[in-house]
There are 2 protein chains.
Amino acid sequence: MVEIKKKFKAHGVTPSIQRMLIYQYIEKERNHPSVDMIYSALKSKAATLSRTTVYNNVSLFVEKGLLIPLLTKEAETRYDLAEPAHSHFVCLKCGQIYDIPSMRCQSGCVPDGFRVQNTQVYLQGLCSRCRNNE
Amino acid sequence: MVEIKKKFKAHGVTPSIQRMLIYQYIEKERNHPSVDMIYSALKSKAATLSRTTVYNNVSLFVEKGLLIPLLTKEAETRYDLAEPAHSHFVCLKCGQIYDIPSMRCQSGCVPDGFRVQNTQVYLQGLCSRCRNNE
DNA sequence: GTCCTTGCAAAGCGTTTGCACAGAA
DNA sequence: TTCTGTGCAAACGCTTTGCAAGGAC
């Protein structure tokens with residue numbers, strides 16, 4: 001918890017009980033959760049927690065650079081720690097999202113005058129579990 | 001139109017007037033359109049066209065491998081030609097999506113037993129127009 | 001006739017917004 | 001008090017679904 005407060009301070013986020021719980025959940029579970037996954041997991045610990053608060057705070061975390069929203073085709077947006085940078089493998093069968101080492105791509109692909117700020121790489125295919133169950 | 005019919009046949013899509021118009025629009029405009037962009041552009045040419053038909057057919061095109069849905073954080077899903085494979089640059093300021101050459105990433109990043117079927121790379125930053133207007 | 005396609009209308013669902021209350025400084 | 005954070009309820013908007021009518025074969 002002390003670590004989380006430090007991280008909040010470094011990113012200009014004032015702590016609250018709800019914020020701590022939400023961030024702690026994401027950092028601990030590493031399951032690329034949706035708002036509803038966070039809400040469902042935490043409402044037993046914080047009975048009055050509302051979905052709105054989860055929405056408010058994951059948006060704040062994204063704005064402050066603590067989280068990134070993952071680009072998926074699912075209806076629900078899923079979130080992940082912004083640091084350290086890494087790429088993702090999405091299983092087309094079970095939908096599981098796996099963290100993989102950050103992939104670097106060669107430069108020179110962008111037209112003159114464009115400035116790249118960040119890169120998101122999504123590998124799509126079958127994970128080993130789903131291949132074994134085929 | 002004859003070309004489109006050939007392409008449809010090669011992908012197992014039976015032609016209809018609506019399907020031809022929709023695919024022709026995407027192929028010609030190259031603007032990574034949303035369903036609504038397609039619908040708005042075509043309803044003058046086909047007065048009875050419905051949004052449902054556009055939804056039905058872009059989904060069919062995706063299923064048959066003619067289109068891919070782009071991974072974006074916008075509310076509306078946007079679509080692009082599946083072939084030839086290429087990557088995308090998304091301007092964080094104006095939202096414009098640019099096609100860029102397909103970026104290849106080095107192998108060995110995926111755990112054993114995983115099979116990669118395709119890769120989607122999104123570069124995010126500022127396009128030259130937005131940089132000049134800063 | 002059968003089967004596929006179209007398209008209107010309504011429902012579904014994740015997300016956002018309005019607003020009032022609570023809590024900290 | 002003043003400002004920030006919380007959370008209920010309602011609204012919003014993209015998408016999906018139900019279903020009936022039209023068209024091809």
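Note on naming: letters A, B, ... go to the chains in the order of the sequence lines (proteins, then strands), and numbering restarts at 1 for each one. Quick caveat, the model's predicted, so the values are computed rather than measured.
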Report task. Take the angle between the ring planes of F8(B) and Y23(B) and call it parallel below 30°, perpendicular above 60°, tilted in between. Result -> perpendicular
Requested in this report: Check the pair E74(B) / R78(B) against salt bridge (charged side-chain N to carboxylate O under 4.0 Å, His left out), numbers first and verdict last.
Outcome: CA-CA 9 Å; E74(B) 295 169 41; R78(B) 304 187 55 163; 3.7 Å; yes
Query raised in the report: With sugar-phosphate meaning primed atoms plus P, OP1 and OP2, does S16(B) contact a base, only sugar-phosphate, or nothing at under 4.0 Å between heavy atoms?
Result: sugar-phosphate
Query - Atom-to-atom span, NZ of K64(A) to P of dT4(D) - whole angstrom - result: 12 Å
Requested in this report: Specify the separation, in whole Å, of atom CE of M20(B) and atom P of dG23(D).
Outcome: 19 Å
Requested in this report: Starting at atom CD of Q18(B), determine the distance to atom C1' of dG23(D), rounded to an integer number of angstrom.
Outcome: 11 Å
Query raised in the report: Contact class for N57(B) vs. all strands (heavy atom < 4.0 Å): base, sugar-phosphate, or nothing?
Result: sugar-phosphate
**Report entry** Rounded distance in Å - CD (E74(B)) to P (dC14(D))
**Finding:** 11 Å
Query raised in the report: Do T119(B) and V116(B) come close enough that some side-chain heavy atom pair is under 4.5 Å?
Result: yes
Query raised in the report: Just to confirm, is there a sub-4.0 Å distance from OP1 or OP2 of dT15(C) to any side-chain nitrogen or oxygen of T77(A)?
Result: yes
Requested in this report: May I ask you to verify whether the side chain of T52(B) and the base of dC8(C) hold a donor-acceptor pair under 3.5 Å?
Outcome: yes
Query raised in the report: Does any non-hydrogen side-chain atom of K73(B) lie less than 4.5 Å from one of L71(A)?
Result: yes
Query raised in the report: Can you check whether Y55(A) has a side-chain N or O nearer than 4.0 Å to OP1 or OP2 of dT15(C)?
Result: yes
Query raised in the report: What is the nucleic acid contact for S34(B), judged by heavy atoms within less than 4.0 Å: base, sugar-phosphate only, or nothing?
Result: nothing
Report task. Round to the nearest Å and state the distance from L21(B) atom CG to dG7(C) atom P. Result -> 11 Å
Report summary line: With the side chain defined as heavy atoms from C-beta on, R19(A) is closest, among dT15(D), dT6(D), dG7(C), to dT6(D)
Query raised in the report: Base, sugar-phosphate, or nothing: which does R51(A) touch, judged by heavy atoms less than 4.0 Å apart?
Result: nothing
Query raised in the report: Between N118(B) and Y122(A), is a side chain to side chain donor-acceptor pair (under 3.5 Å) present by the stated rule, with each step listed?
Result: CA-CA 8 Å; N118(B) 63 71; Y122(A) 296 86; over 6 Å; no
Requested in this report: Considering just the side-chain nitrogens and oxygens of T48(B), establish if one lies under 4.0 Å of OP1 or OP2 belonging to dG7(C).
Outcome: yes
Query raised in the report: Quick one: R78(A) CZ to dT15(C) P, roughly how many Å, whole number?
Result: 11 Å
Query raised in the report: Between atom CG in D36(B) and atom P in dT15(D), what is the gap in whole Å?
Result: 9 Å
Query raised in the report: Looking at dT4(D), dT5(C), dT15(C), which one has an atom nearest to any side-chain atom of T14(A)?
Result: dT4(D)
Requested in this report: Nearest whole angstrom, please: distance from the P of dT5(C) to the CZ of F61(B).
Outcome: 11 Å
